[in-house]
Amino acid sequence: MTLSSKIKSIAESALTHLFPNAAIPIGSVQVSQTKPEFKGDYTIVLFPFLKLLRQKPDVLGNALGEYLVKKNNLFNAYEVVSGFLNLTVSDDFFVGFLKKEVSNQQFGAQANTHQKVMVEYSSPNTNKPLHFGHLRNIFLGFAVSEILKTTGKEVVKANLINDRGIHICKSMIAWMRYGNCSTPETTGIKGDHLVGDYYVKFNDVYKSEIKELVAQGMEEVQAEREAPIMKEAQDLLRKWEAGDKEVKKLWQTMNDWVYAGFDVSYRRLGVDFDKMYYESNTYLLGKEIVADGLKKGVLYQKEDGSVWIDLTEDGLDHKLLLRGDGTSVYITQDLGTAKLKYNYCNLDQSIYVIADEQNYHMQVLKLILSKIGEPCADGIFHLSYGMVELPTGRMKSREGTVVDADDMMDEMIALAKEQTEAAGKTDGFTQEELTRLYETIGMGALKFYLLRVDPKKKMIFNPQESIDLHGFTATFIQYAHARICSILRKENLSLKLEMTAFSNFNISEPLSSSEKKLAQMLEQYPSVLQTAAEEYNPGTLCNYVFQLAQQFNSFYDVHSISKAENEEKKQLRLMLIIITASVLCHGMNLLGISLPEKM
RNA sequence: GGUCCGGUAGCUCAGUUGGAUAGAGCAUCAGCCUUCUAAGCUGAGGGUCAUUGGUUCGAAUCCAAUCCGGAUCACCA
């Protein structure tokens, strides 16, 4: 139980004890951190009880404060300031906390709840390489998965690859026309980029063909339909669906190039998947669900044979689920895939990390499944995030205005190198260690930059301004960690300690304010994780980890650890920094960011 | 037009679910390295929390209306 909730329940029972005739509503006690300008650590707000108990703030505050301090050794002082009861938590509590957790590298992790959660993220199309927008999706999905895991969920990371459809046919036709049998091997170009180049090529040719047709007097709308390259792409798609061997073979080959490229990127990004789904296997699913819905009368059929659902009661429109010719539309396969996922291991929850442009689609998907009575409906949660835009607007892969993910990684790592060298911090490293260090700093900065903001807010990225390595960044946190490691190296201590370490420690001197503040922040880590998990928001964790590093830096500035005033203080501070390092490391790892021991 | 999301310091963002004088980072300015890593620390300036009204002891937070920006509402995916 966290300190804050402990205080809550203690105060609640204290109030019922002091005022036996009044019914104190459960959960009505508000506990918050005391503002730095006042004395104390935690604050109870008295206002909600004044009317109920017919008490004046000062009287109630003093009565409650006195009772709490007297009856409970958790507190050793209190102060009432205009309706707020500020409580000072005893040093013993914090020291007890430090002794208990100093050898626990898993501090913050919760016991397994046996709830099964699938997190689908990344889910790329196979016609182009990953771009900056995908990175937000990927980092979010990975971080949320890890946060859920550490709070006791069993997580299946899933990737649903959109490997079929007109988009890949566009790359295929452009390659057939202009590729000259080039391959990643013959060109030395990474597979996903090579296929992406032909996607761009397709659009260039498409545009010029339209222009030509318009010049010949055709309407633009018609020209868009009639352009030869487009017709050829559509023809390829038809052949693919008919199972044409040659087409399938090329399709497989080009997709394999892309997968090889993605694998390199995923590995570099440090993310992984437990379950891969391919749309070429799932795109025909969902028809039985539609048939079932028709039988149940939830869906209706028009004269032309098309199947619809009426969602007007829910403030939405009529939605098509099957075409007149009986073929699926986009949402049909999603109905089937939702069920497929659910049946994979009896999911309690199925999370979709998808951009907010699909809010409506996801809302409709969940609603339809629930109306048809599919049990998978309840667990569906759309983790919707805002798109990453450039100052000039949305990124368009068709127009080549995307910030490429691989390029971005290269740039960040180059920036890390540049700034490390500029700061003259390369001494004592081997070349190999430096390479790894730049990777750690660059990738950390990139991930943190994308994870620190609330997922649902859209973000604008300006490629002209490089991502900072100062202030609210991963680098800042990595630096704090490296400082701690440096101290521990000199003290011949490891972050991994025996259970018995520090078990004989006792204090005789009061904690300084920055020692206490640091301990207090560390104690809050589990509840931060809980909040981040409940809100599916890694940003909460970013904020916390940054504030912790900040608090450590202030602490570090005022207190020497190695040359502490006495042995007691030294031991105390060692415990503090060991847990700090452990929490920083644990928290950042959940975000997919690693921390160097030296930088 | 319907639905949904957003609007907080010059810029990028927090704001513990309704609590004290609204906080960080960047940028600007002023200090701090003979002492465990200055990628750091301390301080200053910078605010009509989009606007207006309401709810109450108390509102950036809840409600209503308005303004601005975005997404979406296909027999596309």
Side-chain angles (χ1 to χ4, degrees), chain A residues 4 30-35 37-38 43 45-48 50-51 57 81-84 86 125 162 164-167 279 283 302 304-308 314-317 319-325 327-331 333-334 355-361 363-364 384 386-387 389 394 416 419-420 422-423 425 441 449 452-454 456-462 465 468-473 475-480 482-491 524 527-528 531 535 539-540 542-544 546-547 549-550 552-564 573 577 598-599:
Chain A
S4 168
Q30 296 172 49
V31 176
S32 54
Q33 259 178 273
T34 306
K35 299 258 167 197
E37 52 268 38
F38 300 99
T43 295
V45 187
L46 300 170
F47 296 107
L50 301 183
K51 228 183 232 174
V81 186
S82 61
F84 297 92
N86 298 330
N125 289 359
N162 189 2
R164 54 139 243 130
I166 192 70
H167 49 83
E279 280 202 13
Y283 81 109
K302 283 193 181 173
D304 62 0
S306 59
V307 180
W308 297 74
D314 301 273
L316 306 172
D317 291 325
K319 181 83 186 172
L320 176 88
L321 297 183
L322 276 184
R323 294 192 184 98
D325 62 6
T327 57
S328 308
V329 288
Y330 176 51
I331 198 151
Q333 60 174 296
D334 277 357
D356 61 8
E357 61 181 352
Q358 298 212 37
N359 283 356
Y360 181 80
H361 175 79
Q363 192 189 350
V364 168
S384 166
M387 313 256 277
E389 294 177 11
R394 284 174 72 161
Q419 298 211 8
T420 306
K425 300 212 170 204
I441 294 173
Y449 179 84
R452 66 183 196 183
V453 296
D454 189 329
K456 67 170 170 284
K457 294 193 177 177
K458 74 169 183 196
M459 50 190 305
I460 295 167
F461 173 68
N462 188 347
E465 298 164 12
D468 218 313
L469 302 183
H470 301 269
F472 186 20
T473 63
T475 316
F476 182 95
I477 296 151
Q478 289 169 326
Y479 185 63
R483 278 175 146 182
I484 293 174
C485 291
S486 170
I487 298 168
L488 295 179
R489 267 195 305 276
K490 287 187 180 149
E491 296 295 328
Q524 292 164 351
S527 70
V528 170
T531 308
E535 295 174 351
T540 307
C542 290
N543 278 308
Y544 169 81
F546 171 66
Q547 283 164 21
Q550 222 174 13
F552 163 76
N553 279 330
S554 304
F555 162 89
Y556 176 90
D557 202 56
V558 291
H559 294 306
S560 177
I561 290 104
S562 300
K563 292 179 187 158
R573 289 174 193 164
I577 66 167
K598 238 174 26 169
M599 65 188 281

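Keep in mind the model is a prediction, meaning the values are calculated, not measured.
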Using the side chain to side chain contact (heavy atoms under 4.5 Å, CB included) rule, take A:Leu316 and A:Tyr360 through it: C-alpha gap first, then chi angles, then the decisive distance, then the call. CA-CA 9 Å; A:Leu316 306 172; A:Tyr360 181 80; 3.5 Å; yes
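Under the ring-ring contact (aromatic ring centres under 6.0 Å, His included) criterion, A:Phe38 pairs with no residue, sequence neighbours left out. Legend: residues meeting side chain to side chain donor-acceptor pair (under 3.5 Å) with A:Ser486, ordered by chain and number and at least two apart, are absent. For the ring-ring contact (aromatic ring centres under 6.0 Å, His included) test, residues two or more places apart in sequence or in another chain that qualify with A:Phe472 are A:Phe448, A:Phe546. Applying the side chain to side chain donor-acceptor pair (under 3.5 Å) test to A:Asn462 and every residue at least two apart in sequence or in another chain returns A:Glu465. Checked against ring-ring contact (aromatic ring centres under 6.0 Å, His included), A:Tyr479 has no partners two or more places apart in sequence or in another chain. Under the side chain to side chain donor-acceptor pair (under 3.5 Å) criterion, A:Arg573 pairs with A:Glu515, A:His559, A:Glu565, not counting sequence neighbours. A:Asn125 pairs by the side chain to side chain donor-acceptor pair (under 3.5 Å) definition with A:Asn162, not counting sequence neighbours.
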Short N/O separations, protein against nucleotides 30-36 of chain B, under 3.5 angstrom:
residue	atom	partner	partner atom	Å
B:C36	O3'	A:Lys490	NZ	2.9
B:C36	O2	A:Ile561	N	3.2
B:C36	O2	A:Ser562	N	3.0
B:C36	O2	A:Ser562	OG	3.3
B:C36	N3	A:Ile561	N	3.1
B:C36	N4	A:Tyr556	O	2.6
B:C36	N4	A:His559	O	2.5

Between N or O atoms, less than 3.5 Å apart, protein on one side and nucleotides 1-10 of chain B on the other: list the pairs.
residue	atom	partner	partner atom	Å
B:G7	OP1	A:Lys457	NZ	3.3

Kindly give the atom pairs (protein nitrogen or oxygen, nucleotide nitrogen or oxygen) under 3.5 Å for nucleotides 56-65 of chain B.
residue	atom	partner	partner atom	Å
B:C57	OP1	A:Lys51	NZ	2.8

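A salt bridge does not link A:Asp325 with A:Arg323: every distance from a Lys NZ or Arg NE/NH1/NH2 to an Asp or Glu carboxylate oxygen is 4.0 Å or more.
Across B:C33 and B:C11, the matching C1' atoms stand 31 Å from one another, rounded to whole Å. B:A60 and B:A20 have their P atoms separated by 9 Å, with the value rounded to a whole Å. Spacing between B:A65 and B:C26 at atom C1', rounded to whole Å, works out to 37 Å. Using P as the reference atom, B:A74 and B:U3 are 16 Å apart when rounded to the nearest Å.
Base orientation of B:U17: syn, the glycosidic angle falling within 90° of 0. Base orientation at B:C33 is syn, since its O4'-C1' glycosidic dihedral falls within 90° of 0.
The side chain of A:Arg394 contributes no N or O atom lying less than 4.0 Å from OP1 or OP2 of B:G69.
Remark: ring of A:Tyr479 does not overlap the six-membered base ring of B:G40 in a stacked fashion, as centroids less than 5.5 Å apart with planes less than 30° apart are not both met.
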How is the base pairing of RNA chain B summarised as a dot-bracket string, given the Watson-Crick and G-U wobble criteria with both distances under 3.5 Å, [ ] for crossing and | for another strand? (((((((..((((.....[...)))).(((((.......))))).....(((((..]....))))))))))))....
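Judged by atom type and distance alone, A:Lys598 does not reach the base of B:U37 through any side-chain donor-acceptor pair under 3.5 Å. Below the 3.5 angstrom threshold, one finds a donor paired with an acceptor across the side chain of A:Thr43 and the base of B:A20.
Whole-Å rounding puts the A:Asp454 CG to B:U16 C1' distance at 14 Å.
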Can you give one letter per nucleotide of nucleotides 22-27 of chain B, going 5' to 3': B for a protein heavy atom under 4.0 Å from the base, S for sugar-phosphate only, - for none? --SSS-
